[in-house]
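Computation of the quantities below employed the complete heavy-atom set of this structure, encompassing side-chain atoms and omitting hydrogens, waters and symmetry-equivalent molecules. All ligand and atom numbering here is 1-based and tracks the order in the structure. These numbers were taken from a predicted model, which means no experiment stands behind them.
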Amino acid sequence: MTIRLPGLADVHAHLRVPGGEHKEDFGSGTAAALAGGFTTVLAMPNTSPPLVTADLLRRVQQQANAEALCDVHLYAGASPAHTDELPALGRAAVALKIYLNETFGPLRVTDLSTLLACFRHWPIGKPIAMHAEGPGVAVGLGLAAAFGRPVHICHVSRASEIALIAAAKARGVPVTCEVTPHHLFLTQANVPRLGPLGDMRPPLAEPADVAALWAHIDTAIDCVATDHAPHTLAEKHSENPPPGVPGLETALPLMLTAVADGRLTLDRLVALLAQNPRRIFHLPEQPDTWVEIDPAASYQLSNEGLLTKCGWTPFAGMTVRGRVQRVVLRGKLVFEDGKVRSDRDVRQRHSQDKGGRS
Ligand code: NCD
Ligand code: ZN
């Protein structure tokens with residue numbers, strides 16, 4: 001059986017350009033995106049150097065346009081030293097990312113005056129996304145309420161956070177949020193087995209937190225986003241392992257498994273992975289674009305055959321139901337049977353067709 005879904009949009013991925021190309025690049029990251037049913041990816045600005053000036057952001061966007069296999073839009077990073085760049089950055093970026101908490105890379109905002117500058121000078125109509133953990137969520141909600149402008153809270157992972165967001169939404173605060181598949185399918189109980197491959201920001205939580213996220217999957221949660229954060233196995237097994245796990249290739253099979261298990265409907269999956277991301281981030285339409293899946297295919301996720309450069313997944317060994325068979329982007333077959341169709345492949349197939357291949 002084959003079902004057609006719209007092209008998915010991931011609003012939180014790290015494609016590592018510039019400066020982290022040994023972990024991922026626009027070619028490998030968007031190949032992984034297509035393998036996972038994503039035709040639009042929003043790339044995070046915690047690169048080296050980070051995307052905090054309009055000049056750099058424009059250059060990197062041009063590189064993405066030349067090298068990516070699907071649509072890539074770039075976040076700008078908020079930085080205390082570059083608040084004067086905010087209006088120009090706002091013209092070039094899809095959204096602003098503010099990091100309130102410690103994570104991979106040096107981007108951080110810890111002072112209120114930089115936060116105020118962001119909310120005053122970031123263009124109205126362009127989203128502001130926040131990495132805000134624990135009490136930081138209240139900071140984001142307070143700013144959304146005070147300035148009356150939408151805030152998107154990244155990778156919500158705890159019961160208390162989703163409870164606060166639900167309460168703020170009930171009061172009419174303009175807030176949206178995302179959760180990641182790893183926070184929906186893994187807990188602290190998996191950490192002894194996974195070791196550094198189970199370490200990310202926010203860290204994996206307790207079963208009660210995971211239950212609270214699932215309890216809000218039809219209501220307070222707006223998006224499922226991967227937080228695809230590839231690091232090499234050598235880096236993850238080093239003395240000072242960086243936080244982060246890849247996720248572009250596993251998000252859709254995991255969420256389809258949840259549909260098969262009756263935890264959400266297929267319509268809700270499409271809202272979380274395609275419609276809401278496109279609406280919240282004002283993403284352009286992709287005409288003649290769809291993903292064909294076999295919802296009945298049952299198989300084990302594996303490190304073998306992944307298209308992300310890092311070559312591993314924290315979900316290896318997990319049995320899932322639902323496989324991406326084919327991806328069509330703007331009328332062109334770009335992914336089929338586990339492989340990206342390059343322009344050359346497509347051209348060759350067309351000329352063979354004309355030559356009367358049976
Ligand atoms: C991300 C990374 O590696 O860039 N790591 C992570 O653990 N999520 C940074 C981030 O999104 O916080
Ligand atoms: Zn991230």
Hey, looking at atom 2 (C) of ligand 1, which of M200, R16, R201 has the closest heavy atom? R16
Test item: side-chain donor near acceptor, H216 and T219, under 3.5 Å: no
Taking NZ, NE, NH1 and NH2 as the nitrogens, is one of them in R321 or D294 under 4.0 Å from a carboxylate oxygen of the other? no
Within-4.5 Å side-chain heavy-atom neighbours: L56 and T53: yes
Quick one: does ligand 1 sit under 4.0 Å from the side chain of D199, the backbone, both or neither, non-hydrogen atoms only? neither
Is the closest heavy-atom distance from H231 to ligand 1 below 4.0 Å? yes
Any N or O of K97 closer than 3.5 Å to N or O of ligand 1: no
Please state which protein non-hydrogen atom is closest to atom 12 (O) of ligand 1 and give its distance, to 0.1 Å? T103 OG1, 2.5 Å
Based purely on interatomic distance, does G244 place a nitrogen or oxygen under 3.5 Å from a nitrogen or oxygen of ligand 1? yes
One finds that the ligand 1 atoms under 4.0 Å from a non-hydrogen atom of H131 are 12 (O)
Per-atom contacts of ligand 1 with A229, taking only distances under 4.0 Å to non-hydrogen atoms: 1 (C), 2 (C), 3 (O), 5 (N)
Can you report which non-hydrogen protein atom sits closest to atom 8 (N) of ligand 1, along with the distance? D227 OD2, 2.8 Å
Which salt bridge (charged side-chain N to carboxylate O under 4.0 Å, His left out) pairs, counting each pair once, include a residue from residues 102-126, with sequence neighbours left out? E102-R108
Look at the rings of H152 and F281 and say which category their plane angle falls in: under 30° parallel, 30 to 60° tilted, over 60° perpendicular. perpendicular
Is it true that E133 and R158 make a salt bridge, defined as a side-chain N closer than 4.0 Å to a carboxylate O? yes
Could you walk me through whether D218 and R263 pass the salt bridge (charged side-chain N to carboxylate O under 4.0 Å, His left out) check? CA-CA 10 Å; D218 287 335; R263 305 177 88 176; over 6 Å; no
2.8 Å shell around the Zn ion (ligand 2), exclusive bound, protein N/O/S atoms: 3
Can you name the one residue among N101, I98, I153 that meets side chain to side chain contact (heavy atoms under 4.5 Å, CB included) with H131? N101
Nearest protein heavy-atom contact for atom 11 (O) of ligand 1: which residue, which atom, what distance? H14 NE2, 3.0 Å
Per-atom contacts, ligand 1 versus H12 - under 4.0 Å to a heavy atom: 11 (O)
Between R16 and E24, does any side-chain N to carboxylate O distance fall below 4.0 Å? no
Is any side-chain N of the basic residue among R278 and E285 closer than 4.0 Å to the acidic one's carboxylate O? no
Do me a favour and list the nearest non-hydrogen protein atom to atom 5 (N) of ligand 1 with residue, atom name and distance? P243 O, 3.2 Å
Minimum side-chain heavy-atom gap R201-F104 below 4.5 Å: no
Plane angle bin for F185 and F315 - parallel if under 30°, tilted between 30 and 60°, otherwise perpendicular: perpendicular
F104 versus ligand 1: do any nitrogen or oxygen atoms come within less than 3.5 Å of each other? no
